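Notes to accompany the following structure.
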Amino acid sequence: NSIGGIVRWPDGTPAEAHIDLLLDLDSRDLAHDSEFVDSASGSSDRTGRFQISGLGRGRYRVHASATGDRITSRITTREPRATNRGDWLVTQDDVLVGTQGLELTLSGGLSVSGSVVDELGHSVADFHVLARRVGASLKAFEGTSVSKKFRRTDGTFELVGLQAGPWTLSAWSDEHAACAPVCVELPEAAPVRLVLSKAASIHGTVVDADGVPVGEAQVRATYGRSTPGLSDYPLIIKGDHEKDGTFHLGHLPPGEVTI
């Protein structure tokens, strides 16, 4: 079982690219694949062609990325602006195993911009922003998430290198907890305003049935469906534990939590 095709630059010339495949777990054929292949990788050759074999039954997300520092477009005769891997990429969803002749055209990617403020509407000057493609698994490959740290007094940001489609945006800082993800649709997304709340913390002690402290117990805070904006994004935060049974859970966003 394989997927094959060709990768091209925007001007149609063949591209040597890195290829990643990620299985849509809902599409796997459990009747035939007791040991399914959830991800695979390979590369295209100088002619732009690639063939990745040994896949399980189902549909895959196919992602290609390439370097563009020495490629000149035959159409514009200009050097591409991108100079590092990841600036030129393309993603194709819902590709059935057995597909041959898949055509992928690299692009410089889209961007999303906005601002980060606190609960009072004041700009946050030092923060992180994460964009994650909707439907990307925790075992995501390059192109399904983009993150960057910003230091700007006006709280503005711009993330580049994204593909068309639905994405979620979230932000956090050293003093603020991560905000609930905000969904945007590229390329039509307007500037996004992300509001951060002060991070909360929980302190306590773990004891047994007799009230004796339990040292070095594993403590976790889990946010459930009652937390607005987090129902589709399971959040589990590990705590720091001590030999005397005390624990500390820090950097918690507001909401109902189970410990």
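Everything numeric in this text was worked out from a predicted model, so none of it was measured.
When every heavy atom of Ala171 is checked against every heavy atom of Val129, the shortest pair comes out as CB-CG2, 4.2 Å. The minimum heavy-atom distance between Cys179 and Leu196, with the atom names listed, is CB-CD2, 3.8 Å. For the residue pair Pro213 and Gly245, the shortest heavy atom distance occurs at CB-CA, 4.4 Å. Across all non-hydrogen atoms, the minimal contact from Leu55 to Ala40 is CD2-CB, 3.7 Å. Heavy-atom minimum distance, Leu159 versus Val146: CD1-O, 3.9 Å. Closest approach of Ala66 and Leu106 over heavy atoms only: CB-CD1, 3.7 Å.
At distances below 3.5 Å, not a single donor-acceptor pair connects side-chain atoms of Asp210 with backbone N or O atoms of Val212. Looking only at distances, no side-chain donor or acceptor of Ser201 sits under 3.5 Å from a matching main-chain atom of His248. For the pair Ser115 (side chain) and Gly155 (backbone), a donor-acceptor distance under 3.5 Å is absent. Here the side chain of Ser123 pairs a donor or acceptor atom with the backbone of Asp154 at under 3.5 angstrom.
Clustering ILVMFWY residues whenever any of their side-chain heavy atoms sit less than 4.5 angstrom apart, transitively, puts Trp167 in the very cluster that holds Val112. The hydrophobic cluster containing Phe150 does not contain Val117, counting ILVMFWY residues as joined when their side-chain heavy atoms lie under 4.5 angstrom apart, directly or transitively. Val195 and Leu252 sit in two unconnected hydrophobic clusters of ILVMFWY residues. Membership requires side-chain heavy atoms under 4.5 Å apart, directly or through other members. Two different hydrophobic clusters hold Val182 and Trp172 under the rule that ILVMFWY side chains link at heavy-atom gaps under 4.5 Å. Hydrophobic clustering, with ILVMFWY side chains joined whenever heavy atoms are under 4.5 angstrom apart, keeps Leu162 apart from Leu130.
Between Arg57 and Val97, every side-chain heavy-atom pair lies at or beyond the 4.5 Å cut-off. Counting heavy atoms from C-beta on, the side chains of Glu175 and Asp118 never come closer than 4.5 Å.
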Steps toward side chain to side chain contact (heavy atoms under 4.5 Å, CB included) verdict (Phe157, Leu194): CA-CA 10 Å; Phe157 68 87; Leu194 302 175; 4.2 Å; yes

Worked verdict on His63 versus Gln163 for side chain to side chain contact (heavy atoms under 4.5 Å, CB included): CA-CA 11 Å; His63 176 76; Gln163 294 291 291; 5.5 Å; no

Derivation of the side chain to side chain contact (heavy atoms under 4.5 Å, CB included) call for Asp20 and His18: CA-CA 7 Å; Asp20 284 304; His18 179 80; 3.3 Å; yes

Evaluation steps, side chain to side chain contact (heavy atoms under 4.5 Å, CB included), between Gln92 and Leu104: CA-CA 8 Å; Gln92 180 67 52; Leu104 301 172; 3.8 Å; yes

CA sep, side-chain torsions, deciding dist, call: Gln100, Gln51, side-chain hydrogen bond (donor to acceptor under 3.5 Å, both in side chains): CA-CA 8 Å; Gln100 300 297 320; Gln51 187 78 25; 3.2 Å; yes

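Annotation: the span from Arg46 atom CZ to Glu16 atom CD amounts to 6.0 Å, rounded to 0.5 Å. Here the straight-line distance linking atom CZ of Arg151 with atom CG of Asp126 works out to 5.0 Å at 0.5 Å rounding. Within the model, atoms OG1 of Thr205 and NE2 of His203 stand 11.0 Å from one another, a figure rounded to the nearest 0.5 Å. Taking CD1 of Ile202 as the start and CD1 of Ile259 as the end, the distance is 3.5 Å to the nearest 0.5 Å. In this structure, CD1 in Ile19 is found 5.0 Å from OG in Ser44, a value given to the nearest 0.5 Å. The CG atom of Asp94 sits 4.5 Å away from atom CZ of Arg59, with the distance rounded to the nearest 0.5 Å.
Heavy atoms from other residues, nucleotides or ligands lying under 6.0 Å from CZ of Arg49 number 12 at most.
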